[in-house]
Amino acid sequence: MTTIKLHNTRTRKKEVFTPIDPDNVRMYVCGPTVYDRAHIGNARPVVVFDTLFRLLRHVYGPDHVTYVRNFTDVDDKINARAAASGRSIGQITEETTRWYLEDMAAIGALEPTQMPRATQYIPQMVAMIEDLIAKGHAYAAEGHVLFSVESYKDYGALSGRAVDDMIAGARVEVAPYKRNPMDFVLWKPSDAATPGWDSPWGRGRPGWHIECSAMSYELLGASFDIHGGGNDLMFPHHENEIAQSCCAHPEGHFANVWLHNEMLQVEGKKMSKSLGNFFTVRDLLDGHDGMPGVPGEVIRFVFLSTHYRKPMDWTAEKAAEAEATLRKWRGMVEGIEATEVAEGVLAALADDLNTAGAISELHRLAGEGDFGAFKASALLLGLLGANLGDWAKAVDVDLSGFVAQLTKARDVAMASKDFTHVDRLKAGLLEAGIEVRMSKAGVELLAGPEFDAVKLEALQ
RNA sequence: GGCGAGUUGGCGGAGUGGUGACGCAGCGGAUUGCAAAUCCGCGUAUAUCGGUUCGAUUCCGAUACUCGCCUCCA
């Protein structure tokens with residue numbers, strides 16, 4: 001069996017991955033808060049963990065991997081969006097959830113095994129909070145329930161912080177009802193206009209973090225294999241998840257392996273609305289700000305070409321290069337049956353998800369002409385599948401008339417040595433986005449990506 | 001201020017304690033009426049300074065720079 005190695009944030013080392021139960025490898029990844037379209041940065045962890053999911057399924061069997069990714073559909077950002085737009089919270093979360101699944105499918109992400117919604121787990125969250133209070137790890141104050149960071153000695157271990165250091169320079173919300181400024185909210189009161197659920201502490205709603213602890217416990221148990229997300233979530237989100245889960249379920253040890261992907265930048269800068277380099281996955285797919293659309297498969301390829309633990313720079317140049325590569329590859333595997341995944345590709349992926357290395361292997365396989373293994377390997381990465389291929393389909397246009405015309409003109413020119421007419425014809429075809437191949441064997445015309453039917457029409 | 005990540009040829013981007021992949025671009029050649037496509041060939045790159053070592057790009061320590069998190073945005 002393939003040995004998978006993963007870089008564990010918890011130990012800061014690359015370790016051999018050994019599942020708790022090889023018959024049911026369990027992974028939890030923090031999903032989106034559904035209040036708006038996913039931007040391109042949100043898509044990076046989706047592709048990263050989708051690739052890991054595919055690798056795990058390949059190694060342990062498709063039926064032996066459970067991948068849970070949640071939807072956080074209760075959050076003050078959603079409430080704010082609802083208030084601002086006049087639409088209901090339900091409408092917003094339903095629509096945004098659908099968008100998310102559509103957009104992620106467009107970049108070739110498989111759906112996780114389970115996609116729980118936070119609002120479906122409120123009673124479990126309340127029960128967990130009650131349990132934390134009973135065990136002395138949390139306390140109720142003024143309608144809030146807070147987690148006491150001092151009650152958990154390992155608080156801060158994942159991100160390498162000490163509670164005292166954090167208080168010193170950090171901007172923490174100071175509230176009179178907090179025993180320690182770092183204590184965080186498990187439950188908070190809701191007014192009449194805000195969504196709320198009845199609880200032992202009055203009508204209220206959960207704080208951020210508790211939903212992931214409750215849902216991962218319900219679906220994966222007190223101990224599971226992998227927990228993932230962007231490295232921005234390391235603190236406080238994951239730190240708080242660990243504190244809640246380990247205190248509520250001291251019999252377990254929560255996640256064995258923590259994986260964090262680095263952030264994404266755009267043209268060398270942090271993506272932000274103020275810099276004008278902010279765009280959603282949908283913007284990219286459909287085209288935006290005068291730019292043409294980028295196929296989902298191309299987005300995926302660009303993501304995979306940088307190792308997940310390095311910052312990734314999204315640039316238009318990379319997208320163009322990726323598109324050319326994929327177009328070439330798709331031409332190579334047309335009609336080819338996938339055989340076995342190449343050892344080199346699998347080895348690269350198994351080595352802490354070295355997707356860039358795996359792509360290099362694909363280049364090598366393509367050069368060697370082992371197309372069956374090449375295709376099988378590409379499919380493992382979620383590339384070259386039928387699901388993402390429409391963009392690369394050759395335009396279906398009958399060029400036989402032009403072929404005949406050009407062939408005839410060429411024959412005449414070969415005899416007369418006057419190529420003026422041939423060159424004019426060729427230039428017109430090139431202008432219309434037609435690739436012109438002339439050789440001793442004859443004339444071949446192909447509609448390329450820049451094909452323009454109107455310009456072709458004008459040549460008639 | 002605290003925590004963390006990174007720095008490889010023109011660009012992108014891997015690996016490795018012992019003469020530095022791969023892709024793109026570029027250059028030369030074959031081919032072509034000319035091209036395109038294809039094929040062949042071509043690159044005195046591992047931030048800086050120390051240390052360990054027979055030997056470091058790879059390990060260790062500093063320095064510089066870049067970036068992220070700590071704050072609503074991933």
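Numbered from 1 within each chain, the chains take letters A, B, ... in sequence-line order.
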Touch class at under 4.0 angstrom, heavy-atom based, for A:M234 against every strand present: nothing
Minimum heavy-atom distance A:E15-A:T11, with the two atoms named: OE2-OG1, 2.5 Å
Between the base of B:G4 and the side chain of A:N231, is there a donor-acceptor distance below 3.5 Å? no
Euclidean distance, atom NE2 of residue A:H260 to atom P of B:G6 [Å, nearest integer]: 15 Å
B:U58 and B:A47: how far apart are their P atoms, nearest whole angstrom? 8 Å
Compute the ring centroids of A:Y28 and A:Y67, then answer whether they are less than 6.0 Å apart. no
If only side-chain N and O atoms count, and only distance matters, is there a donor-acceptor pair under 3.5 Å linking A:S400 with A:D398? yes
When you compare B:G4 with B:U38, how far apart are their P atoms, in angstrom units rounded to a whole number? 48 Å
State whether A:N354 places a side-chain N or O below 4.0 Å from either non-bridging phosphate oxygen (OP1 or OP2) of B:G15. yes
Between CE of A:M263 and P of B:C73 the distance, given in whole Å, is 12 Å
Cation-aromatic face contact A:R10/A:W258, 6.0 Å, 45 degrees: no
C1' spacing across the pair B:G12 / B:U19, given as an integer number of angstrom: 25 Å
With no hydrogens and no angle check, is any side-chain donor or acceptor of A:S213 less than 3.5 Å from a backbone partner on A:E241? yes
Report which part of the nucleic acid A:K328 touches: base, sugar-phosphate, or nothing (heavy-atom distance under 4.0 Å, all strands). sugar-phosphate
In whole Å, what separates the C1' atom of B:G18 from that of B:C22? 22 Å
Between B:U16 and B:G28, how far apart are the P atoms? Round to whole Å, please. 37 Å
Can you tell me whether the side chain of A:K426 and the base of B:C34 have a donor-acceptor pair closer than 3.5 Å? yes
Rounded to whole angstrom units, what separation is found between the CH2 atom of A:W314 and the P atom of B:G68? 19 Å
Hey, is the side chain of A:S360 pairing donor to acceptor with the base of B:A14 inside 3.5 Å? no
Whole-Å distance, A:H237 NE2 to B:U71 P, equals 15 Å
Between B:G9 and B:G2, how far apart are the C1' atoms? Round to whole Å, please. 37 Å
Taking B:U57 as the reference, what is the distance to B:U8 when you measure between their C1' atoms (whole Å, please)? 8 Å
Could you state the CD-C1' distance from A:E317 to B:G23, rounded to the nearest angstrom? 12 Å
Quick one: label A:E361 by what it contacts on the DNA or RNA (base, sugar-phosphate, nothing), any heavy atom closer than 4.0 Å. nothing
Can you tell me which nucleotide in B:C11, B:C70, B:G33 comes closest to the side chain of A:F235? B:C70
Just call it for A:F301: base, sugar-phosphate, or nothing, with non-hydrogen atoms closer than 4.0 Å on any strand. nothing
For B:U7, the Watson-Crick or wobble counterpart (both distances under 3.5 Å): B:A64
Per A:K77 side chain, nearest of listed nucleotides B:G68, B:G23, B:C73: B:C73
Are A:Y35 and A:N79 close enough that a side-chain donor and a side-chain acceptor fall under 3.5 Å? no
Tell me what A:R437 touches on the nucleic acid: a base, only sugar-phosphate, or nothing, going by heavy atoms under 4.0 Å. base
Quickly work out the A:M332 CE to B:U38 C1' distance and round it to whole Å. 12 Å
Going by atom types only, do A:N231 and A:E262 share a side-chain donor-acceptor pair under 3.5 Å? yes
Integer angstrom distance from the C1' of B:A37 to that of B:G43: 25 Å
Given B:G68, B:G23, B:C73, which nucleotide is nearest the side-chain atoms of A:T325? B:G23
Just to be sure I understand the rule, does A:T306 reach a base, reach only the sugar-phosphate, or reach nothing, if contact means heavy atoms closer than 4.0 Å? sugar-phosphate
Would you check if there is a donor-acceptor pair between the side chains of A:D283 and A:H288 at a distance under 3.5 Å? no
If you assign each of A:H307 and A:S159 to its closest nucleotide in RNA chain B, which residue comes earlier from the 5' end? A:S159
Which nucleotide, if any, forms a Watson-Crick or G-U wobble pair with B:U57, using both distances under 3.5 Å? none
Quick one: on RNA chain B, does A:G41 or A:S305 contact a more 5' nucleotide (nearest heavy atom)? A:S305
Within the 4.0 Å heavy-atom criterion, would you say A:R12 contacts the bases, only the backbone, or no part of the nucleic acid? sugar-phosphate
Nearest whole angstrom, please: distance from the P of B:A36 to the CG of A:L425. 19 Å
Separation of B:C69 atom P from A:M271 atom CE, nearest Å, is 11 Å
side-chain N/O A:K310 vs B:A14 OP1/OP2, d < 4.0 Å: yes
Any strand: nucleotide that pairs with B:G28 via Watson-Crick or wobble, under 3.5 Å: B:C40
Touch class at under 4.0 angstrom, heavy-atom based, for A:I359 against every strand present: nothing
Less than 4.0 angstrom between a side-chain N/O of A:K270 and OP1 or OP2 of B:C69, yes or no? yes
Report the nucleotide, chosen from B:G13, B:C73, B:C34, that has the shortest atom-to-atom distance to any side-chain atom of A:D423. B:C34
Look at the side chain of A:H39 and decide which nucleotide, out of B:G23, B:G33, B:C73, has an atom nearest to it. B:C73
I want to verify a distance call: between B:G33, B:G68, B:A5, whose nearest atom is closest to the A:F419 side chain? B:G33
Taking a pair as Watson-Crick or G-U wobble with both distances under 3.5 Å, which nucleotide is matched to B:G12? B:C22
For B:U71, the Watson-Crick or wobble partner whose two distances fall under 3.5 Å: none
Is the A:Y152-A:H137 ring centre distance short of 6.0 angstrom? no
